[in-house]
Amino acid sequence: MQAGITIRKALETNAFGVPEGPHYPYKQARQIMEPFRVPLNRSAYPFSHVTIPLGCSCVDNKAIANVFYETADLMEINGDDSFRIRSYRRAAEVIEGLPQQVSALIDEPKKLLEIPGIGKGMAANIQELCRSGKLGPHQDLLLKYRPSMLELLKIQGLGPKTIALLWSAFQVSDLASVEKLAREGKLRELPRLSEKSEQKILKAIEGYRRISGRFLLDEADRTAQKLTEHLRHIKGIEKITPAGSLRRGRETVGDLDVLITGPCCVDDEQRAGLIEEILRFPGIVEVLAKGDNKVSFKLRSGMQVDVRTLPPESYGAAMQYFTGSKNHNVSLRQRALKMGFTLSEYGLFRLDNNKRVAGASEDEIYGKLKLDCIPPELRENCGEIEAAAEHKLPHLITLKDLRGEVHMHTVETDGKCTIDEMAAAAIERGYQYIAITDHSKNLAFANGLDDKRAVQHIARIHAANQQTDGITIMAGIEVDILADGELDLSDSVLEQMDVVVASVHSAFNQEAQQMTDRLLRALSNKNVSILGHPTGRLLLRRDAYPFDMDAVLKTALKNKVAMELNAYPDRLDLNDVHLRMARERGVKIVINTDAHHTSHFEKIKYGILQARRAWLTPKDVLNTLPEKEFRQAMKHRWPTS
DNA sequence: GCCGTTTTCGGCCCGACTGTTTTCAGTCG
């Protein structure tokens, strides 16, 4: 049987003797194909199950990581050794975050073994995956169980043990069947399951179907701010801190974790009232858990919120713990143990006499572990602990390092404000320069500029610049990269611009090679200064188009074309991994909001968070430069340091 | 399956909440 066959292909060729039908909806197709245990392509499968096509030359890190994640999930259902399972997860996490492709290292096993978390076994697994497109243990587990179980794991309250139990009792593995059994009241026949459990599972399935479970950074941020405002008015709360992936600045957020402390968190009598006060927060549709120290609820948006009450002496330890990441915490606890301490969310304690040595602040905890305090954005177990031990943490970029933004739109195309309004808002933010970069003609629905209008617009921008004090307004354009890599304005017009952002806005479905050639051609145009939102992804909506990032970065470095970090929360493009890749290769970054309204400027903070996650310093980012040097950088003369 | 100032075996981070229990397993973070 061929690896990587799609449902559609299987149905078209009727390879498995299934009833013929012109077009099956995927859901139905999935049910039909279930008994055939066919490895299915990700593109054909609406959830995480993934098989790498045979002979594929570009087995990327994400694909390898996915196979390892799936193997770990299936091993869990199989009741395998939990430490072995952890090894698979750890390998997946490490590979996912690597700037270079591991597939390029398969002929150099020594280099594979240098990667932390990759030992002999995992190195062999990577080689097997890259060479044959399959992984033995993964395939074996898929034969024993069903890929649809991986989806069941996403249902809150359903874990590997219960899924294994359902399989052994009823031979069911998919959402619809479990839902049916719950409705029919059959689950309560099983040990540890009751009528109440059935209701809970049904509710969780409904919730899962309603939303995918992750939220854009700005939405999580807004919710956290509203909740903070609500909590601030409760008597006896002194400190409120949103923790978790929001504090680390991850590109999307699952649950919101908020920590509070103050006198009311210590007094038993006050605490009961406190929980009730918290639950008055508007928009709660369901309370998921209510204990002495924690309350969890679901908001109308589908977002789950956990609020934890803490005594002041543990607040730092809890902040550290609930900020994560999980892997960072595991490493930190191991370090603590080696040094004779044990670390929990309540503090750092000596192993010999159980005495607390730190806990009130994060600084104190990291300090006692002989580490510089690690900024939350770096806490991903990607070398930050080693760097902190050697006092080599980078001086990360901050919001105030930025001197300007050079990707924004006005009413001339699809923006909502005028040049003057954008300039005024930029002055308000303390910027020294901006560039107006409206769309070009290929973006007809945005009223994009042709050569003639572009020239007129330059004149308008120059005039506005003359009349405005306190900021320099540069003339720019966001020019479309056509399907063949040509730009849709003539060179003679582009030459007159201070800043040329070149972006892909059409023909997203090209093959990787075609897209790579297209981008390389655009980067070779001598007028291009920045590649705009380089991967074209829209978070939670559209995947990045495929291309060879390595080749693009090499050409960008050669031609001195900067990569954009588009800070708009649904783009965050480049992402943290690619940014780190760019930095390591010496490619410069420009951080922009792509503002279509003055209110969008504030989204720049989400770009800064991603830049920090990628270990970027002000030197890596061109729009930290003074105007004169920045103008030169836009003409391919980057600063030398 | 990984890893090593406990180095080739024997460990591997820690606690809260829930529900079905009567002392704890499963799940979650």
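What you see is a predicted model; the values in this text were computed from it and never measured. In what follows, every chain begins at residue 1, and chains take the letters A, B, ... in the order their sequences are listed.
Considering only the side chain of A/Arg84, B/dG1 comes nearest among B/dT27, B/dG1, B/dG29. The side chain of A/Ala289 has B/dT18 as its nearest neighbour among B/dG29, B/dT18, B/dC2. Closest approach to the A/Gln156 side chain among B/dA16, B/dT27, B/dG29 is made by B/dG29 (side chain taken as heavy atoms from C-beta onward). You'll find that the side chain of A/Arg192 is closest to B/dG19, out of B/dC17, B/dG19, B/dG15. The listed nucleotides are B/dT27, B/dG29, B/dG1; the one nearest the side chain of A/Ser87 is B/dG1.
Remark on DNA chain B: of its neighbouring residues A/Met122 and A/Lys200, the 5'-side contact belongs to A/Met122, judged by nearest-heavy-atom nucleotide. Mapping A/Lys290 and A/Leu158 onto DNA chain B by nearest heavy atom places A/Lys290 closer to the 5' end of the strand.
The CG-P distance, from A/Leu259 to B/dG15, rounds to 17 Å in whole Å. One atom, CD of A/Gln304, and another, C1' of B/dG29, lie 10 Å apart when rounded to the nearest Å. Going from atom CG of A/Asn293 over to atom C1' of B/dC28 covers 16 Å, rounded to whole Å. For the pair A/Leu187 CG and B/dG19 P, the interatomic distance rounds to 16 Å; values are reported in whole Å. Taking atom NZ of A/Lys298 as the reference point, atom P of B/dC28 lies 11 Å away to the nearest angstrom. The distance from atom CG of A/Asn327 to atom P of B/dG29 is 15 Å, rounded to the nearest whole Å. Summarising the geometry, the separation between CD1 on A/Ile201 and P on B/dG26 is reported as 14 Å, rounded to the nearest angstrom. When rounded to the nearest whole Å, the span between NZ of A/Lys294 and P of B/dT27 equals 15 Å.
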*side-chain contact (heavy atoms from CB on, under 4.5 Å) between A/Tyr208 and A/Leu152, worked out*: CA-CA 10 Å; A/Tyr208 169 77; A/Leu152 280 186; over 6 Å; no
_side chain to side chain donor-acceptor pair (under 3.5 Å) evaluation trace for A/Gln320 with A/Asn329_ = CA-CA 8 Å; A/Gln320 195 289 312; A/Asn329 287 354; 3.1 Å; yes
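Side-chain contact between A/Pro160 and A/Met75: absent, with no pair of heavy atoms (C-beta onward) separated by less than 4.5 Å. Taking 4.5 Å as the limit, some side-chain heavy atom of A/Arg350 sits within range of a side-chain heavy atom of A/Phe341. No side-chain heavy atom of A/Glu76 sits less than 4.5 Å from a side-chain heavy atom of A/Ile163. Counting heavy atoms from C-beta on, the side chains of A/Phe215 and A/Leu256 never come closer than 4.5 Å.
Among the protein residues, A/Ser82 comes within range of no part of the nucleic acid, since none of its heavy atoms lies under 4.0 Å from any strand. In this structure, A/Lys120 reaches the sugar-phosphate backbone alone: every heavy-atom distance under 4.0 Å involves primed, P, OP1 or OP2 atoms, never a base. Contacts of A/Ile155 with the nucleic acid, taken as non-hydrogen atoms under 4.0 Å apart, involve only primed sugar atoms and P, OP1 or OP2. Across all strands, A/Pro160 comes closer than 4.0 Å only to sugar-phosphate atoms, never to a base (heavy-atom distances). Nucleic acid contact for A/Ile118: sugar-phosphate only, since backbone atoms but no base atoms lie under 4.0 Å from a heavy atom of the residue.
Between the side chains of A/Asn327 and A/Glu93, at least one donor N or O sits under 3.5 Å from an acceptor N or O. Inspection of the A/Asp218 and A/Tyr606 side chains reveals no N or O donor paired with an N or O acceptor under 3.5 Å.
As the counterpart of B/dT8, no nucleotide is assigned, since no Watson-Crick or G-U wobble pattern has both distances under 3.5 Å.
Contacts with DNA chain B (heavy atom under 4.0 Å) in residues 246-256 of chain A: A/Asp255, listed by number.
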*Under 4.0 Å protein heavy-atom contacts per nucleotide of nucleotides 7-13 of chain B, with B for base, S for backbone only and - for none*: -----BB
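For B/dC13 and B/dC2, the P atoms lie 16 Å apart once the distance is rounded to whole Å. Atom C1' of B/dC12 sits at a distance of 13 Å from the matching atom of B/dT6, rounded to the whole Å. Nucleotides B/dG15 and B/dT21 place their P atoms 27 Å apart, quoted to the nearest Å. B/dT18 and B/dT23: their C1' atoms are spaced 15 Å apart (whole Å). As rounded to the nearest Å, B/dG1 and B/dT8 have C1' atoms that lie 14 Å from one another.
Checked by atom type and distance alone, the side chain of A/Arg146 never pairs as donor or acceptor with a backbone atom of A/Val172 at under 3.5 Å.
Shown are A/Pro394, A/Pro375, A/Pro376; of these, the side-chain contact (heavy atoms from CB on, under 4.5 Å) with A/Arg612 is made only by A/Pro375.
The shortest distance between the side-chain N/O atoms of A/Thr162 and the OP1/OP2 oxygens of B/dT27 is below 4.0 Å.
Nearest heavy atoms, A/Arg537 versus A/Asp573: N-OD2, 3.7 Å.
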